[in-house]
Amino acid sequence: MGRFDGLVAVVTGGGSGIGLATAERFHQEGARVAIAGRDRQRLRQAAASIGGDVLAVTADVSRLDEIDLLLSTVTRELGQIDVLFVNAGFKGFQALQEATESFFDTAFDVNAKGAFFTLQKAVPHLNDGAAVVLCGLAPVDPAWRRPGTSVYTASKAALRSFARSAAAELAPRLRRPYRATDLTNYRISHCGISVHRVGIRSGEIVLAAAADRIGKDGVPAIDPVLVPLASLTPAPHYPRLNGVDQDHVRVLAESPMPMPPIVVRRSMEVIDGMHRICAARSRGESYISAFVLDESDTEAYIQSVTANITHGLPLSLRDRKAAAERLLRLCPGKSDRAIAQLAGLSGKTVGALRRTLDDLPQAEARVGQDGRVRPVDSTEHRRQAERLITEHPGASLREIAGLTGLSVSTVSVVRRHMRSGDSPVSTVERLRPRPEPAHRTEADPRQTLSLLMRDPSLRYTDVGRTLLQWLHRHPLVDGPPFPNLISEIPLHCLPAVARLARRYAAEWEEFAQQAEDMMISDVG
């Protein structure tokens, strides 16, 4: 029995991305779902992927008559609305001196005007105690203040201001007002619910929700508050094995830039921000800005690890492996890739670490990154899928997946290989990573680096510039220079040099493994 059985949920911008993922979760939890979008073909494909009973309505939220059509269709077909997820948005960038009136109007028509009138016109169709989520506020974060974003971020700032005012105005009608706060680098989890992750190039945006209200991508409209430094206590399990780095504390203390808010539990136990706390104390300050959250012990540790992975002073490889080991003990039912995503490692590294922990409970199934439960060894499930496909040739992929516990894509692969005469076991073999060709011709590293240097998605982002700086610190040389270089190193320095060389090599190998893992989706 789902948490939203019988409730009516409407998702605008539901044809792809966050909107599609949200609609899928609502549908899985028993809600009667309607999705809206401008692209009719994409909307139909999205509805088919979610389930045949999903209502798809083509509507452009920048046009008020189409918003009216959307809402009247939903209420006629499904009834009054219990959840309104306002997700439709426009994302585009033009430099300040090049921005046209048409571009400006489009951004505000969809992001600000569209959201405003969607909510305004939906109010008469909302059940008492309904939940409203306004999604897509990440661009108000300072990290978005870069060339070409002025119009886009202004439209999102307007949405944020509107969200706050509307929440107060509609409080008597709604069970609790919400805005979906996309806090880059922070995993906000309220009321102990699981989160859904959405990967983007500039970082990872993590959206969460209050389980007793919405259960998906939306958090209470919280703002940072000032808390006394004297009231804060460190977490019992700090992810940095060597503790606080005093050099980093000095850098923060001497910086003229304001520090981002820290994250603490209601008990004032610090989840993220120990370096900022030490820097504030060294400045002689008595208070610090903080997000105060209700987190369980496990959630607090996960938040601490993920926050330290994605911003600030990076965790070392040793720190991340230790974090992964603790996460495996706290969440043994999570898949290797799910743990790897939290700890900033590769799935293979976590898998190898799991095999060294003999006391971990061995489950037959694990929860993946997408929140779905899948068997550890799917061979028997694939054979079951083969039998069902043979006995019921007219059954849909989704029906077979539901009966076997496999993903729809895996059932599709099983059926495809059955048609070619293969068995499910050979299917498994085909899905395993193929070895690299023995005589593969590598591209010229200098040419590759030159192409990366010209890529605007790297040159004009903070993350991209940092990566290019790292690559430039390790220049490539012609020929094998090592024997001549090593012979000139004093003998008493060789042990330290060897240790550092291995450390650098291990870090870059881990980096390469994670980059390759990002290109490969989970199978089965």
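Source: prediction; values computed, not measured. Residues: numbered from 1 along the sequence shown. When reading the values below, keep in mind they use all heavy atoms of this one structure, side chains included, and skip hydrogens, waters and symmetry mates.
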Can you confirm whether Leu345 sits close enough to Leu317 that some side-chain heavy atom of one is under 4.5 Å from a side-chain heavy atom of the other? yes

Does Glu399 reach the side chain of Leu388, with side-chain heavy atoms less than 4.5 Å apart? no

CD1 of Ile302 to CD1 of Ile339, rounded to nearest 0.5 Å, is 7.0 Å

Between Val74 and Ile81, does a side chain to side chain contact (heavy atoms under 4.5 Å, CB included) hold up when you go through it step by step? CA-CA 8 Å; Val74 169; Ile81 299 169; 4.1 Å; yes

Run the side chain to side chain contact (heavy atoms under 4.5 Å, CB included) test on Leu342 and Lys334 for me, step by step, so that the C-alpha distance in whole Å, both residues' side-chain angles and the decisive distance to 0.1 Å come before the verdict. CA-CA 11 Å; Leu342 297 174; Lys334 284 186 177 291; 4.3 Å; yes

Could you tell me whether Asp68 and Lys121 have a side-chain N and a carboxylate O separated by less than 4.0 Å? yes

Does the ring centre of Phe103 sit less than 6.0 Å away from the ring centre of Phe90? yes

Check: Val11 main-chain N/O paired with Asn87 side-chain donor or acceptor under 3.5 Å: no

Can you tell me if Glu66 uses its side chain to pair, donor with acceptor, with the backbone of Asp60 under 3.5 Å? yes

Start with the C-alpha distance between Leu20 and Ile50, add both sets of side-chain angles, then the distance that settles side chain to side chain contact (heavy atoms under 4.5 Å, CB included), and finish with yes or no. CA-CA 8 Å; Leu20 176 57; Ile50 298 171; 3.6 Å; yes

Got a donor-acceptor contact below 3.5 angstrom from the Arg32 side chain to the Leu78 backbone? yes

Electrostatic pair Asp297:Arg265 at N-O distance under 4.0 angstrom: yes

Kindly say whether Thr58 contributes a backbone atom to a donor-acceptor pair with the side chain of Arg40 at under 3.5 angstrom? no

Rounded to the nearest 0.5 Å, what's the gap from CG on Asn111 to OG on Ser62? Could you check? 10.5 Å

Salt bridge (charged side-chain N to carboxylate O under 4.0 Å, His left out) evaluation trace for Glu325 with Arg329: CA-CA 6 Å; Glu325 180 177 345; Arg329 297 187 185 281; 3.5 Å; yes

Check: Asp272 main-chain N/O paired with Ser304 side-chain donor or acceptor under 3.5 Å: no

